[in-house]
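Throughout, protein chains are lettered first and strands after them, A, B, ... in sequence-line order, and every chain is numbered starting at 1.
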Amino acid sequence: MPYWLMKSEPDAYSWDDLCREGVGTWDGVRNYQARNHMRNMKQGEQVLFYHSNIGMEVVGVMEILEEAFQDPTTDDQRWSAVRVKAINPFPKPVKLSEMKQHPLLQNIGLIKQSRLSVMPLTDEEFAVIMDLGGMKMS
DNA sequence: GCCAACGTTGGC
DNA sequence: GCCAACGTTGGC
């Protein structure tokens, strides 16, 4: 099963914002590569939530509730959004600096392509980050 | 605040 | 279709 990681600046939209809303719409993505990843997401898949700029850490796990649909923030049909819900916060958020030091995380988009905001993770990468964050895999 | 990386735009 | 100029992202 594919896993994902999505970034947001907490100033704009944070983990706490998502928890407050319960169900969140992940919209505003204006990058083709990121959009293509979003269109590949399937209901029930798990997504890590990363705080860029402020925090620079993975803070929790989300789940895809609704697969890609027209981004409600624009009429431009090129852009898609997905619906997500928070599952669990990390007991211990995982810092970017920590991930950069981990030998099994050297190929993740966060490190290799720092501007990409939506990216896939391998089973192994997902498991490593969950472990670093003190989360038990269910 | 700076700047590297990278995507987009527009002139040719 | 190339590429210079420019804008944006995001780490430092």
Side-chain angles (χ1 to χ4, degrees):
Chain A
M1 173 147 110
Y3 293 98
W4 310 95
L5 183 148
M6 299 202 289
K7 303 203 280 201
S8 177
E9 286 194 53
D11 270 359
Y13 189 76
S14 70
W15 174 263
D16 285 345
D17 292 331
L18 173 61
C19 290
R20 202 171 302 123
E21 291 181 357
V23 172
T25 301
W26 207 277
D27 54 28
V29 171
R30 296 292 183 268
N31 171 282
Y32 291 111
Q33 215 182 333
R35 181 210 64 186
N36 291 342
H37 290 317
M38 289 173 80
R39 288 184 177 176
N40 285 330
M41 293 172 172
K42 297 284 179 244
Q43 192 182 334
E45 288 176 350
Q46 290 183 285
V47 188
L48 299 179
F49 192 134
Y50 175 80
H51 279 169
S52 61
N53 280 314
I54 299 167
M56 291 190 284
E57 57 193 6
V58 178
V59 292
V61 192
M62 307 179 278
E63 180 184 323
I64 300 296
L65 282 188
E66 186 179 345
E67 298 172 12
F69 53 91
Q70 172 64 37
D71 185 331
T73 65
T74 178
D75 289 333
D76 191 331
Q77 306 214 336
R78 290 176 299 166
W79 306 117
S80 298
V82 293
R83 205 93 66 196
V84 293
K85 74 168 183 192
I87 302 179
N88 268 317
F90 275 15
K92 186 170 86 67
V94 182
K95 290 279 179 193
L96 178 63
S97 56
E98 202 179 340
M99 291 187 277
K100 281 189 165 176
Q101 287 169 15
H102 198 290
L104 293 177
L105 299 178
Q106 294 309 300
N107 290 319
I108 62 174
L110 262 191
I111 292 167
K112 295 198 80 170
Q113 205 180 343
S114 69
R115 293 182 50 196
L116 185 61
S117 63
V118 180
M119 67 201 71
L121 296 173
T122 66
D123 292 8
E124 183 178 57
E125 289 159 351
F126 182 82
V128 165
I129 297 171
M130 290 286 275
D131 187 53
L132 290 174
M135 290 278 288
K136 296 271 180 279
M137 294 276 287
S138 51

query = How would you give the extent of chain A contacts on DNA chain C, as first and last nucleotide 5' to 3' within a 4.0 Å heavy-atom cut-off?
reply = C/dG7 to C/dC12
ask   = Between the side chain of A/Lys7 and the main-chain N/O of A/Leu110, is any donor-acceptor distance below 3.5 Å?
value = no
message = By the salt bridge (Lys or Arg N to Asp or Glu O under 4.0 Å) test, which pairs, at least two apart or in different chains, include something from residues 85-111 of chain A?
response = A/Glu57-A/Lys95, A/Lys92-A/Glu98
ask   = So which pairs with a foot in residues 71-96 of chain A pass ring pair (Phe, Tyr, Trp, His ring centres under 6.0 Å), sequence neighbours left out?
value = A/Tyr32-A/Trp79
message = According to ring pair (Phe, Tyr, Trp, His ring centres under 6.0 Å), does anything in residues 96-129 of chain A pair up with another residue at least two apart or in another chain? List the pairs.
response = A/Tyr3-A/Phe126
query = For A/Tyr50, what residues pass the ring pair (Phe, Tyr, Trp, His ring centres under 6.0 Å) criterion, not counting sequence neighbours?
reply = none
query = Can you list, by residue number, the residues of residues 93-102 of chain A that have a non-hydrogen atom closer than 4.0 angstrom to DNA chain C?
reply = A/Leu96, A/Lys100
inquiry  = Below 30° counts as parallel, above 60° as perpendicular, anything between as tilted: where do the rings of A/His37 and A/Trp4 land?
reply    = tilted
task = Quick one: do A/Asp71 and A/Thr73 satisfy side chain to side chain donor-acceptor pair (under 3.5 Å)? Show the steps, please.
result = CA-CA 6 Å; A/Asp71 185 331; A/Thr73 65; 2.6 Å; yes
